[in-house]
Amino acid sequence: MAKSESSGDTSRPWQSYHTAYTNAKAGMEGVDKEKVQKIVYEMSKGSKYFENEERKEAFIKQKIENMRAQFAKLTAAEISHYQKVADKRILELEATRDLTRIWLHVDMDAFYAAVETLSNPLLKGKPMAVGGMSMISTANYEARRFGVRAAMPGFIARRLCPELIFVPTDFKKYTYYSDLTRKVFQKYDPNFIAASLDEAYLDITTACLERGMTGGEIGEELRKSVYEETGLTCSAGLAPNRLLAKVCSDINKPNGQFVLPNDRTAVMTFISSLPIRKIGGIGKVTEHLLRDVIGITTCEEMLQKSGFLCALFSRSSADFFLCVGLGLGGTNTPQVKLRKSISNERTFPATDDEAFLFQKLVDLAEMLSTDMKKESLCGRTLTLKLKTASFEVRTRAVTLQNYICSNEDILKNASKLLKAELPISLRLIGLRMSQFNEDKDGNPSDPTQKTLSNFIIFGDATGRNMDDQTSFCSDFSDDHFTTERRTVSVDNHEIHQNDLRDPLESNGIPSANNSNDVLRYYENELEKNHGSLDNKSEAEFDGSSLDNLKKRTNLLDSEAVSSSNQNEQCFWVDDYKCLLCGVELPPTFVEERQEHADFHLAEKLQKEESDSNPRSPIPKQRIIQKDHMKSQTRHKKKHKSSHGDGKHLPIDTFFVKSNQNF
DNA sequence: GGGAATCTCCCGC
DNA sequence: TTCCAGCGGGAGATTCCC
């Protein structure tokens with residue numbers, strides 16, 4: 001959605017609509033790019049996705065503006081200083097150049113699509129994509145001629161190519177063929193690095209020496225061997241390091257290879273006109289930042305403008321950019337890296353149906369637990385990922401006292417995180433576990449370090465056992481991250497923690513396989529909670545459908561999970577009339593009702609404040625409200641900072657990639 | 001101030 | 001008709017506690 005610098009022609013707005021799939025990919029030469037852009041734009045315009053892309057684009061624009069302002073403020077003395085810093089760093093990096101290794105990057109051609117064609121020859125020669133209407137994983141070369149490519153929604157792909165054949169993904173099949181290719185790779189480098197199912201890096205220096213062959217000859221032999229073993233073609237790139245080998249493998253795709261000699265001049269010539277976007281780790285955002293702030297579009301310019309890179313970016317980012325300019329990349333075989341996290345996520349039609357959302361959580365917890373057990377993993381940081389109906393992504397994490405891997409433990413903690421976000425309309429839920437037990441033997445460790453999480457979850461930092469704390473953890477008071485309130489007053493009626501326990505708590509967790517059970521369980525819980533309120537005012541409830549029940553109990557439920565909804569003073573007579581002032585607001589006016597309730601709450605607080613004895617305790621509601629505001633402020637601040645400060649580029653990308661590619 | 005936890009962002013396949 | 005994934009990695013910023 002980049003309404004970027006080039007979007008001057010308002011009669012052709014699609015020209016500024018840049019997405020991952022409007023960029024050229026191998027096999028897309030000759031595609032009418034403008035036609036594709038126009039179709040993609042027309043089909044996306046007005047959607048929630050489109051609106052979110054616009055929001056994201058605005059943030060990037062702001063980032064660029066911030067960095068431009070910094071750029072403009074640089075004094076002559078500062079520029080001179082940073083140039084010296086850069087020159088020194090370039091010399092240091094140059095000294096690390098190693099031209100003794102020969103790296104080969106092998107990339108299978110349209111892998112998933114090729115495998116599918118292999119198992120169904122009728123697909124041969126026809127435009128085909130692997131995936132579904134929502135998203136396609138890859139497309140064969142026939143489909144790419146229409147502009148269809150990976151990471152494109154299927155419905156757009158079909159518009160571009162009406163005769164497109166869709167084939168569902170079958171990872172078992174791809175893994176099988178991937179294993180076959182890896183057996184071949186192993187012959188050339190037993191320590192090869194598998195980057196994905198269809199990509200690998202091989203250090204073939206030893207193979208070249210032992211066989212008296214050049215890198216190019218080995219590349220040809222390896223590709224032939226892969227074809228013989230699998231019936232699939234691949235492309236290869238040969239270069240002195242992984243970063244360059246990766247770039248090279250894309251040059252003669254499909255079924256070809258490119259050799260970059262182990263010679264400094266050859267490397268520097270190769271890199272000189274190379275667009276920065278070709279480098280792994282430089283994506284859309286980084287490309288825009290470098291181009292629009294400093295005017296860098298080629299790798300060579302990284303060196304020419306090295307002083308500005310050092311002035312505007314963090315040390316590690318600048319280092320990465322300078323390495324790119326010098327054509328340096330990884331030459332050593334890195335140690336085998338242990339897995340850092342494991343996750344599951346699922347997309348579904350956007351909904352705010354809490355029973356549905358909790359059922360999704362049940363499913364995800366079970367999947368995650370199964371996956372963790374398969375790999376003998378136990379972790380202590382659980383992250384809940386949410387994508388709202390408007391495509392906003394949120395994550396909420398908790399670090400636990402003990403390492404966990406059981407379905408029950410995951411669910412118990414995940415549901416607490418989710419509860420704190422309700423009510424919410426979501427289109428995706430994900431669960432990720434990290435901070436694994438290092439010994440990987442599945443035995444829970446007992447980290448005794450006192451942490452904020454311990455405090456939050458256990459109410460103290462003594463490291464008491466979770467089971468001992470079950471009821472407390474399930475208490476909604478911990479949703480407010482406080483330790484003192486074990487009951488909450490609702491108009492003089494105390495709701496005990498057990499009355500409001502987590503519907504997915506381990507005691508009585510419904511079967512993950514039976515969504516009806518979950519729904520029934522959830523409904524029971526609603527009714528239980530509701531019962532407490534019934535004591536207050538029978539007149540409010542007319543005992544009708546579950547939907548009405550849910551609507552009516554929403555108020556109370558929300559109190560239990562969100563500190564923003566402390567509207568105890570507000571009751572809706574006949575489900576639409578405020579008991580306090582008589583204003584009529586139907587249940588569908590959720591936000592308006594909330595605002596109205598907040599108004600009464602504020603009114604009440606004001607009254608309490610003026611009436612209260614200065615020495616008496618602060619009213620509970622105020623504590624809650626304050627907690628909430630604090631939390632809100634924190635989120636707002638983060639939001640602002642993460643988008644407002646263009647100085648620090650996410651280095652991770654670079655060094656994640658540098659780890660992979662160097 | 002340091003360390004841990006949390007959250008967001010970026011990237012690639 | 002359908003209407004933008006799932007997974008993994010990690011840096012940087014911020015907040016909080018000690």
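To find a chain, count down the sequence lines: A is the first, B the second, and so on, and within it residues start at 1.
Using a 4.0 Å heavy-atom cutoff across all strands shown, A/K45 reaches no nucleic acid atom at all. Nucleic acid contact for A/I342: sugar-phosphate only, since backbone atoms but no base atoms lie under 4.0 Å from a heavy atom of the residue. A/L197 comes within 4.0 angstrom of nothing in the nucleic acid, heavy atoms only.
Relative to the side chain of A/I60, the nucleotides C/dG6, B/dC10, C/dA5 differ in distance, and B/dC10 lies closest. The side chain of A/F391 lies closest to C/dC4, out of C/dC4, C/dC7, B/dC10. Looking at the side chain of A/N344, the nearest of the listed nucleotides B/dC10, C/dC7, C/dA5 is C/dC7. The side chain of A/V285 has B/dC10 as its nearest neighbour among B/dC10, C/dG8, C/dG10. Ranking C/dG8, B/dT8, B/dC10 by closeness to the A/R396 side chain, first place goes to B/dT8. Across C/dG9, B/dA5, C/dA5, the shortest atom-to-atom separation from the side chain of A/R339 is found for C/dG9. Comparing C/dA5, C/dC3, C/dT2 by their closest approach to the side chain of A/M133 singles out C/dT2. For A/T381, counting side-chain heavy atoms from C-beta on, the closest listed nucleotide (B/dT8, C/dG8, B/dT6) is B/dT6. Comparing atom distances between the A/R427 side chain and each of B/dT8, C/dC7, C/dC4 picks out C/dC4 as nearest. In this structure, the nucleotide among C/dG9, B/dA5, C/dG6 sitting nearest to the side chain of A/T347 is C/dG6.
Nearest-nucleotide positions on DNA chain B place A/V393 closer to the 5' end than the other of A/A195 and A/V393. Nearest-nucleotide mapping onto DNA chain C: of A/R158 and A/S343, the residue sitting toward the 5' end is A/R158. Both A/S196 and A/R394 sit near DNA chain B, but only A/R394 has its closest nucleotide nearer the 5' end. Along DNA chain C, the nucleotide closest to A/E345 and the one closest to A/S134 are compared, and the more 5′ of them pairs with A/S134.
Residue A/T399 places at least one side-chain N or O under 4.0 Å from the OP1 or OP2 atom of B/dT6. At least one side-chain nitrogen or oxygen of A/S341 sits closer than 4.0 Å to the OP1 or OP2 atom of C/dG9. Listed pair A/K387 / C/dC4 fails the phosphate criterion, with no side-chain N or O lying under 4.0 Å from OP1 or OP2. Regarding contacts with the backbone of C/dG10, every side-chain N or O of A/S316 stays at 4.0 angstrom or more from both OP1 and OP2. Using a 4.0 Å cut-off, some side-chain N or O of A/R346 falls inside it from OP1 or OP2 of C/dC7.
The distance between atom CE of A/M67 and atom P of B/dC10, rounded to the nearest whole Å, is 11 Å. Rounding to whole angstrom units, CD of residue A/Q435 and P of B/dA5 are separated by 5 Å. Between A/L384 atom CG and C/dC7 atom P there is a gap of 14 Å when expressed in whole angstrom units. Going from atom NZ of A/K340 over to atom P of C/dC7 covers 20 Å, rounded to whole Å. In this entry the distance linking NZ of A/K385 with P of C/dC7 reads 9 Å, nearest Å. What separates CZ of A/R432 from C1' of C/dG9 is a distance of 7 Å, to the nearest Å. For the pair A/Y112 OH and B/dG12 C1', the computed distance is 12 Å after rounding to whole Å. Atom CZ of A/F166 and atom P of C/dC4 are 13 Å apart (whole Å).
Using a 4.0 Å cut-off between charged nitrogen and carboxylate oxygen, A/K284 and A/E287 do not count as a salt-bridge pair. For A/R394 and A/E392, the salt-bridge test passes: some basic side-chain N is under 4.0 Å from an acidic carboxylate O. We find that A/E51 and A/K48 are not joined by a salt bridge, their nearest charged nitrogen and carboxylate oxygen being 4.0 Å or further apart. Salt-bridge annotation for A/D109 and A/K253: present, with a side-chain N of the basic residue lying under 4.0 Å from a carboxylate O of the acidic one.
Around the NZ atom of A/K173, the shell of radius 6.0 Å holds more than 12 heavy atoms that belong to other residues, nucleotides or ligands. The 12-atom threshold is exceeded at NZ of A/K373, counting heavy atoms of other residues, nucleotides or ligands nearer than 6.0 Å. Around CZ of A/F348, the count of heavy atoms belonging to other residues, nucleotides or ligands within 6.0 Å exceeds 12. Annotation: A/R159, atom CZ; neighbour count of heavy atoms from other residues, nucleotides and ligands within 6.0 Å does not exceed 12.
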Read 5' to 3' with Watson-Crick or G-U pairs under 3.5 Å, [ ] for crossing pairs and | for partners on another strand, DNA chain C gives .....|||||||||||||

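With sequence neighbours left out, the side-chain contact (heavy atoms from CB on, under 4.5 Å) criterion links A/K385 to A/E345, A/V393, A/T395, A/L428.
Residue side chain A/S44 reaches the base of C/dC4 through a donor-acceptor N/O pair under 3.5 Å, judged by distance alone.
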